[in-house]
Structure formats: C-alpha cells, structure tokens
Amino acid sequence: MHLIHNPKHLVFSTLLCLQSLYSQDFTHLGLLPRINYTTPIHEKLSFNGTFFSEVDLEENEVGGTIFPSKVLNLTFIAGMGYKLNTKNILTGSYLFRIIDPFEDNSRIEHRFIQQLVHIQYLGSLRLRHHFRAEQRFIQSAVLTNVYNASLRLSYSFGWDLPLQGRHLDVNEFYLNSINSYFVQVSRPRTAFNNLNEFYLGLGYQTKHMGRFEIGPEAKISIRNSSKELNALVFIDIIWYPK
C-alpha cells in the first residue's frame with residue numbers, strides 16, 4: 001500500500017516499464033494521434049466517440065525482412081457508458097478499424113467491447129480498474145469475405161493525478177497513466193502476454209477547448225514462434241474536446 005500512497009512511486013514504476021522496452025528483440029517508434037469525445041445524455045448515461053490512428057515512423061530490417069514505415073490503422077469507436085454508482089461504470093462499444101488502410105492488402109476489423117470500470121480515490125489520486133471483454137472479427141488476409149473470430153479479455157490499471165491541489169481546475173497540469181494486460185482466450189498457445197500496453201501522459205486542462213495530453217505508449221507483443229518480443233513505442237497526442 002505504501003506504493004499507492006506515494007504518487008511519485010507510481011510515476012517512477014511506469015517510467016521503468018517504458019525504459020525496459022529497449023531491451024526487447026525488436027523496438028521501433030510510432031505516432032498515435034487521438035481524439036476522444038464524451039458527452040452526457042442523461043444523469044447516468046453518456047456517449048463516447050473516439051478516433052485514432054497508429055503510425056509506424058521507422059523502417060526496420062529484421063532477419064532479412066523489411067518492415068516499412070506506414071499508417072498501421074484507422075480506428076473509430078462509438079459507445080455508451082452507464083454510471084451504476086460513484087465507483088462503478090458499465091460501458092458498451094463498437095469498434096471499426098481499417099488495417100493497413102493505404103496498402104493493397106488492407107483489411108477490416110469489427111469489434112464489440114464490454115467493460116466494467118471500478119474507481120477508487122486516495123486523496124487527489126484517482127485509481128481506475130478496467131475489466132474488459134472483446135469479441136473481434138478480423139478480415140482474412142487471403143479470403144476477402146472471411147473473418148477470423150477471437151475472444152480477448154483484459155485488465156487495465158490506471159491512475160490520474162492533478163499536479164496542483166486536490167482537484168483538476170482550468171489551466172492546470174495533470175498526469176495520466178494506464179497499464180493493460182491481455183489474455184487471448186481463443187489462442188491458447190499465446191494466451192498470456194500476447195500484447196501488453198503501458199502509457200504515461202502529461203495533460204493540461206484548458207478553459208474552452210477541453211484537455212490535451214502527450215506522452216509515450218508502448219505495445220509489447222510476441223512476433224514469432226521463438227517468442228521474440230516486438231515493442232512498438234508510440235508518442236501519443238490526445239485531445240479531449242470540451
């Protein structure tokens with residue numbers, strides 16, 4: 001519990017996770033611009049819309065294979081959130097993704113997402129626990145009208161912290177972090193640690209334009225049967241419109 005009561009330790013431990021990525025077998029850099037818009041519909045009901053694109057900025061050669069710099073995907077998410085009480089929120093979302101959108105072999109993904117978010121407060125520190133289930137349908141790279149289905153479960157631990165006082169006010173900075181751990185239920189050979197994500201962002205609350213964040217996000221995945229790890233480190237640029 002001493003770790004949670006000291007926010008500096010949380011920041012330090014997250015930075016250690018990000019720094020360790022460069023010891024992986026294959027590391028390259030990317031850019032991830034994102035817009036995340038949320039608006040209340042009712043006292044307990046809200047709408048959330050998200051658009052983001054993962055861009056690989058580096059060309060890499062691994063084992064004689066060239067991985068060119070390119071736009072990896074274009075992703076749109078629309079969903080609803082229902083506030084059960086002050087500590088628990090249920091969400092349901094639909095994701096539409098174009099994989100390799102500017103390549104000849106571009107593919108489509110449909111995904112249905114259900115999530116429970118549990119929130120805890122420790123002074124000015126807000127802790128978030130995300131329990132998520134995803135049903136994924138990804139177009140085959142060989143057969144156009146065939147979609148491969150999979151089920152993925154994940155747990156994410158996040159926290160956010162205003163850097164001035166107990167509450168985030170206008171014209172103030174804050175920190176936001178989330179670490180995600182995935183289980184591929186339908187792929188037993190790579191069930192655990194198939195894809196883990198780590199993010200730490202510095203944000204700023206404006207008066208009229210909402211919040212802006214920037215920070216590193218890392219995605220670690222197994223890329224072959226030898227269990228060599230692929231670490232893709234993004235620089236996230238996020239806008240939360242007011």
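Using a 4.5 Å cut-off between side-chain heavy atoms of Ile, Leu, Val, Met, Phe, Trp and Tyr, with links allowed through other members, F51 and Y199 fall into different hydrophobic clusters. Residues L32 and W239 do not share a hydrophobic cluster, defined by chaining ILVMFWY side chains whose heavy atoms lie under 4.5 Å apart. Cluster membership check: L125 shares its hydrophobic cluster with L175, using side-chain heavy-atom separations under 4.5 Å among Ile, Leu, Val, Met, Phe, Trp and Tyr. Residues L74 and I108 share a single hydrophobic cluster, defined by chaining ILVMFWY side chains whose heavy atoms lie under 4.5 Å apart. Linking ILVMFWY residues whenever their side-chain heavy atoms come closer than 4.5 Å, directly or via other members, leaves L90 and F112 in distinct clusters.
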Audit row: Y181, L153, side-chain contact (heavy atoms from CB on, under 4.5 Å) steps and yes/no: CA-CA 9 Å; Y181 306 91; L153 306 177; over 6 Å; no
Pair R132-S154, side-chain contact (heavy atoms from CB on, under 4.5 Å): steps then yes or no: CA-CA 5 Å; R132 176 183 293 192; S154 69; 3.4 Å; yes
Full working for side-chain contact (heavy atoms from CB on, under 4.5 Å) between Q139 and V146: CA-CA 6 Å; Q139 189 175 23; V146 174; over 6 Å; no
side-chain contact (heavy atoms from CB on, under 4.5 Å) between H110 and F96, worked out: CA-CA 5 Å; H110 302 280; F96 175 79; 3.8 Å; yes
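Shown here are the side chain to side chain donor-acceptor pair (under 3.5 Å) partners of N48, two or more places apart in sequence or in another chain: N36, T38, T50.
Remark: the backbone N or O of N171 is not paired with any side-chain donor or acceptor of K207 at under 3.5 angstrom. A donor-acceptor pair under 3.5 Å is formed between the side chain of E58 and the backbone N or O of L29.
Between F212 and Y204, the distance from one ring center to the other does not fall under 6.0 angstrom. Annotation: H130 is not in aromatic contact with Y155 [ring centroid separation under 6.0 Å not met]. Checked against the 6.0 Å centroid criterion, the rings of Y240 and Y37 do not qualify as a close aromatic pair.
Taking CD from Q205 and CG from L163, the interatomic distance works out to 13.0 Å, rounded to the nearest 0.5 Å. One distance of note links OG of S124 with NE2 of H167; it measures 9.0 Å at 0.5 Å rounding. Expressed to the nearest 0.5 Å, how far OG1 of T91 lies from CD1 of I77 amounts to 10.0 Å. Between atom CG of residue N179 and atom CD of residue E217 there is a gap of 10.0 Å, rounded to the nearest 0.5 Å. Going from atom CG of N176 over to atom CD1 of I238 covers 7.5 Å, rounded to the nearest 0.5 Å. Rounding to the nearest 0.5 Å gives a distance of 9.0 Å between CG of D236 and CD1 of I214.
By the 4.5 Å heavy-atom criterion applied to side chains, L72 and V55 are not counted as neighbours. Counting heavy atoms from C-beta outward, I138 and R107 have side chains that approach closer than 4.5 Å. Under the 4.5 Å side-chain criterion, counting only non-hydrogen atoms from C-beta, I41 is in contact with M80. Residues L116 and N88 meet the side-chain proximity criterion, which asks for heavy atoms closer than 4.5 Å. When side chains are defined from C-beta on, L45 does not count as touching P40, because their heavy atoms never get closer than 4.5 Å. Using a 4.5 Å heavy-atom cutoff, the side chains of N148 and S150 are not in contact. Looking at E54 and K219, their side chains come closer than 4.5 Å, going by heavy atoms from C-beta outward.
Smallest separation of non-hydrogen atoms from L168 and Y174: CD2-CD2, 3.8 Å. Pairing each heavy atom of S156 with each of S180, the nearest pair is OG-OG, 2.7 Å. A78 approaches F47 most closely through the heavy-atom pair CB-CE1, 4.2 Å. Looking at every heavy atom in both residues, R97 comes nearest to L95 through CB-CD2, 3.7 Å. Here the shortest heavy-atom pairing between L232 and G30 reads CD1-N, 4.3 Å. In terms of heavy atoms, M209 sits closest to T206 at N-OG1, 3.0 Å.
A salt bridge (Lys or Arg N to Asp or Glu O under 4.0 Å) check over residues 69-95, counting only residues at least two apart or in different chains, returns the pairs K70-D100. Among residues at least two apart or in separate chains, salt bridge (Lys or Arg N to Asp or Glu O under 4.0 Å) pairs with a member in residues 159-176 are R126-D160, R128-D160.
For the residue pair E134 / Q115, no side-chain donor-acceptor distance below 3.5 Å is found, with atom types taken as modelled.
Using a 30° and 60° split on the angle between ring planes, F157 and H129 fall in the tilted class, from 30° to 60°.
With salt bridges taken as basic N to acidic carboxylate O contacts below 4.0 Å, one links R211 and E213.
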